[in-house]
Amino acid sequence: MRVAVDQERCCGTGNCVMIAPEVFDQRDSDGVVVLRQPQPPPAHTAQARRAAANCPCAAIKVDED
Amino acid sequence: MSRTDNRVSDAQSVPLTYQRAPDCPFDPAPEIVRRRAEDPIARFLLPSGDSAWLVTRHADVRAVLSDPRFSSVPPPDSLLRPPDPDGPADAPPIPPGMFVGMDPPGHTRLRRMVTGEFTVKRMDRLRPRIEHIVAEHLDAMARAGGPVDLMKVFALPIPSLVICELLGVPYRDRDDFQRRSRMAVEVDVRHEDGMANFMEMHEYMAGLVAAQRADPGDDLLGMLVREHGDDITDEELIGLTNMLLSAGHETTANVLAIGTLLLIRHPDQAAVIRERPEVVEHAVEEMLRYLSVVPSTLVRTALADVTIDGTTIPAGEHVMVSLQSANRDGARYPDADRFDLAHDPELHVAFGHGIHHCLGRPLARMELQVAFPALLRRFPTLRLAVPFEDIQFRPNAAAYSLESLPVTW
């Protein structure tokens, strides 16, 4: 799985961090998403998928490979 | 003061989106339910006599809220009020700083200035303080003995104190700002009362902003002055802080109060929350879905012809979405009208959707996840001190609420 984030679209609600803290983080200054694991290990792929679905601003893309 | 003093008139004077079922205060109005089945995207009549589109299905509500072709700049407030030929002119447009009623790029600029204060990490660091505040209020309840008004001793003070500390608003001023916030979210107050209330809020916050400009504190207002002071006007600071102050306590207080009432009505679910801390996170989300304390968002306006699920909303027309209807949509949530911790509340829209999705969700979630299990464990025999039928709900507001919640144990 490959994860990509769009920091321009991000609205900083932190939904992704609440769901998949191993994969996503937030910048301290403005809450914008930071990708911790562009290729999450199998143990975290389900949460990464949920985080993408739950992003209110569609700022997370998940490509299954 | 009687709360009825400033009411306009009956339920028909408020838009359908704010109405609840007459027989079950937790449920959406039957007309909303009918529309979701038969006319999911259709015009409806507003109290002013104008029409707007009402969107009721989960997928469609999300589609509208995430579509940049809908503006969030509110139309004149007369749209939502009954016509009054002798009435005053419209309220001024959305005050500077209240970015919930702005579009990008102005919205993005202001929202990003404060988002760092509400990150999940920041809220995690706040947890011990919230636990302490909750414990203090439970101690005070125990000392006072039942019956108490849970709204007054628990639901309202906890989020109020938390947001005061976060923003830099003196908690001693709570009686006034709680009253003003409550009125500010109501949709059936007389126009002149609403305007006077707004001016009071503005004047109060202007004083705090002036003090922070002179001597910025170690809180959100102080941070804004220190880090963005040259990029933000006093008027914007006033509007933004008032928005966060109201949104930060009025909504959470009502989830705490109405949620407690819901748990009292569902002792089996309450027992699960009391005994199994690992379900609390999920339980709070199911409660948020089921209650939809914020029934709708600000009115949207189509900037172009927009087709949603085969229905075209013409440019210039207004749209309201029903968050509570979306959260009860059986196409998304089987058995949606039941509150059940076994449900999967994933993708509920209780915090909205799109770029205006609630900024304070991590804070609200933390407060609710701490407060409910602590309350249930401290008072396992918590029950209503009056018959359920006597509980007075306050619909007709941007946040559904209770007059009071008398409980004992």
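When reading the values below, keep in mind they use all heavy atoms of this one structure, side chains included, and skip hydrogens, waters and symmetry mates. Lettering of chains follows the sequences in order, A, B, ..., and the numbering in each one begins at 1.
Contact of Thr13(A) with chain B is made through backbone and side chain together, with heavy-atom distances under 4.5 Å. With a 4.5 Å cut-off on non-hydrogen atoms, Arg111(B) touches chain A through its side chain but not through its backbone. With a 4.5 angstrom heavy-atom cutoff, Arg62(B) touches chain A only via side-chain atoms.
Your options are Thr119(B), Val349(B), Leu359(B), and the one with the most heavy-atom pairs under 4.5 Å with chain A is Thr119(B). Of the listed residues (Gly116(B), Gly360(B), Gly352(B)), the greatest number of heavy-atom pairs within a distance under 4.5 Å of chain A belongs to Gly116(B).
Look at Asp30(A) and Arg27(A) and you find a salt bridge, because one of the NZ, NE, NH1 or NH2 atoms lies within 4.0 Å of a carboxylate O, short of that distance. Salt bridge Glu64(A)/Arg2(A): absent, no basic N to carboxylate O contact under 4.0 Å.
Side chains of Arg300(B) and Ser71(B): no donor on one and acceptor on the other come within 3.5 Å. With 3.5 Å as the limit, one finds a donor-acceptor pair spanning the side chains of Ser292(B) and Asn327(B).
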Between Lys121(B) and Asp25(A), is a salt bridge (charged side-chain N to carboxylate O under 4.0 Å, His left out) present by the stated rule, with each step listed?
CA-CA 9 Å; Lys121(B) 269 180 294 184; Asp25(A) 197 357; 3.2 Å; yes
